[in-house]
S.K.: 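Here it is: the structure, laid out below.
Fair warning: this is a prediction, and the values are worked out from it, not measured in the lab. Position 1 is the first residue of the sequence; numbering continues from there.
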Amino acid sequence: MPGALAAVADFAERVTALRGRASPVQMALLGQVRRCMDRIAVAVRSVALRSSEGVRVPARLPQLTWRTPSFEGGIAHAARVGVAVAVSMALLVNVHDHFGRWMVFTVLIGLRPTYGDTFDRVVLRVAGTIVGSTAAAFLLAAVPGQGTLVAVVWIFAMLGFALREVSYAYWSTFATPLALMLMDFSIQLNWNAAGARVALTVAGGVLAVLAARLLWPRGEAGKVCDLVVDLLREHARMVRTLVDRDLDRLPDRTEAAGQAAEKLSESLDTLEKEPGGQAPEELRQAVTDARRLRDDTILLAAVMRGAPEGTDATVAILDAVADRMEAVAEAVRQDKAPPEADELDAGLADMASRVDTLVEEAEGGQAASVRRELRHAVAAHPALRTLTADALRLTDDVTR
């Protein structure tokens, strides 16, 4: 690291020495290069200092207070639904055939893949059922005739299906009197049926919440570590396409990196809905930094596309960035401290010395290709600065 910082400082002195001898345009371009190098050096230095403090990476991010055995996603939910429905049916063996189904339906409809979603669904269903049953009780107590029943059924059906996509609470509110009115066509009901509907819905909701809480409620925490590793590796492959100048494959690599970030984000959302689950804010920030890194890569690829091979001073930095993300991914997977930033230090030194050489050749009136390369370096370095900074933030976020 000291060598790289010294190279950056030496370049700054050379730029200062050119004042009065170079044109204003040249000084502006060199000043932009100098600012980019300074920011990269500061970012790398901060990472090096944090790495030297011995950052430890948890084996599974995040670690919860306790874990229970879990199945994989869909299998766990299918088993949970099967057990809960079987229990609800066993409890209703001696209950009225027409009423008992309300409890089973509540369990079947209310039970969601996560505890948080199940709780929200049950609350909406119970609240809607209470409101709808109250309205149905008054209607049934009035002993409506056939014509009135048809009108009421039509009104509640229209409102229920019209507002179904707005909120599940609206559907529960209007579907409850709708179901009771339809049942009244075949079975003479009174207001007590509305009370039974509320009681059985509440019982089914409680059973659904208990099933979501007690039957394999935690499983997402164990997936987060692998998803973080995939995120880092896919973004390292994406950056590696710039190193290899395989720009035609960049859209596919960028899409794969975006899918890895989306999976991690979805996993964090699911984790928030598990009992006691809390997604680390650092990983949320890592998803944001990953999106910026993809944007930076696309921008830098546009700059590099017109540059001749072997003349781009950014390749060393890109290679070091990809190596760092791969090394951090391996450290996360093996529960080890992240590596120090030696590769980035060397890349910074190479970049500084390369720009020094370009300036000297430009001063000596070398070929036009040298000046063209210098202009390319000046255009690429701002994009490289943001790419490097976002990559360093990404690796730092997942190792906190």
Side-chain angles (χ1 to χ4, degrees), residues 73-74 77-78 80-89 91-92 95-213 266 269-270 272-273:
H77 180 58
R80 187 186 299 122
V81 172
V83 171
V85 170
V87 171
S88 65
M89 294 182 68
L91 294 175
L92 297 173
V95 177
H96 191 286
D97 291 340
H98 298 288
F99 293 171
R101 72 185 68 173
W102 291 333
M103 181 175 177
V104 179
F105 286 165
T106 299
V107 173
L108 187 62
I109 296 174
L111 197 53
R112 302 283 95 185
T114 65
Y115 172 77
D117 287 338
T118 299
F119 186 83
D120 293 341
R121 185 87 164 187
V122 168
V123 169
L124 293 177
R125 183 171 180 83
V126 170
T129 299
I130 292 175
V131 175
S133 295
T134 301
F138 284 106
L139 292 173
L140 292 172
V143 190
Q146 293 291 323
T148 304
L149 281 177
V150 171
V152 169
V153 167
W154 181 83
I155 292 173
F156 282 118
M158 179 184 65
L159 293 174
F161 284 101
L163 300 176
R164 184 176 183 177
E165 299 300 325
V166 177
S167 173
Y168 183 71
Y170 291 138
W171 169 251
S172 298
T173 299
F174 296 112
T176 296
L178 174 63
L180 291 172
M181 294 299 103
L182 288 174
M183 186 178 293
D184 192 53
F185 275 104
S186 56
I187 305 173
Q188 191 67 35
L189 299 179
N190 54 34
W191 66 271
N192 291 330
R197 169 93 179 198
V198 172
L200 290 171
T201 299
V202 171
V206 171
L207 182 57
V209 171
L210 289 176
R213 182 65 178 82
E266 292 174 352
D269 292 340
T270 301
E272 292 279 6
K273 299 174 182 178

S.K.: Return the minimal non-hydrogen interatomic distance between L124 and A169, and the atom names on each side.
M.R.: CD2-CB, 3.8 Å
S.K.: Just grab all the side-chain hydrogen bond (donor to acceptor under 3.5 Å, both in side chains) pairs involving residues 156-183, residues at least two apart or on different chains.
M.R.: R125-Y168
S.K.: In this structure, which one of L108, L111, L207 forms a side-chain contact (heavy atoms from CB on, under 4.5 Å) with V85?
M.R.: L108
S.K.: Taking only residues two or more places apart in sequence, or in another chain, which ones meet E272 in a salt bridge (charged side-chain N to carboxylate O under 4.0 Å, His left out)?
M.R.: R284
S.K.: Write down the atom of R197, the atom of A179, and the distance for their closest heavy-atom approach.
M.R.: NH1-CB, 3.8 Å
S.K.: Can you find a pair of side-chain heavy atoms, one from L200 and one from L92, that are under 4.5 Å apart?
M.R.: yes
S.K.: What pairs meet the side-chain hydrogen bond (donor to acceptor under 3.5 Å, both in side chains) rule with one or both residues in residues 129-140, with sequence neighbours excluded?
M.R.: none
S.K.: Kindly give the heavy-atom pair with the smallest separation between A208 and V122, and that separation in Å.
M.R.: CB-CG2, 4.1 Å
S.K.: Ignoring hydrogens, what is the shortest heavy-atom contact between I130 and V198? Give both atom names and the distance.
M.R.: CG1-CG1, 3.9 Å
S.K.: Within the structure provided, determine whether I109 and R121 are in side-chain contact (heavy-atom separation under 4.5 Å).
M.R.: yes
S.K.: Return the CG to CD1 distance between L178 and I155, rounded to the nearest 0.5 Å.
M.R.: 11.5 Å
S.K.: Mind checking the CE-CE spacing from M89 to M103? Nearest 0.5 Å is all I need.
M.R.: 11.5 Å
S.K.: Using a 4.5 Å cut-off on heavy atoms from C-beta on, say whether the side chain of V153 contacts that of V150.
M.R.: no
S.K.: In the structure I gave you, are the side-chain heavy atoms of F156 and L180 within less than 4.5 Å of one another anywhere?
M.R.: no
S.K.: Return the minimal non-hydrogen interatomic distance between V107 and S88, and the atom names on each side.
M.R.: CG2-CB, 4.1 Å
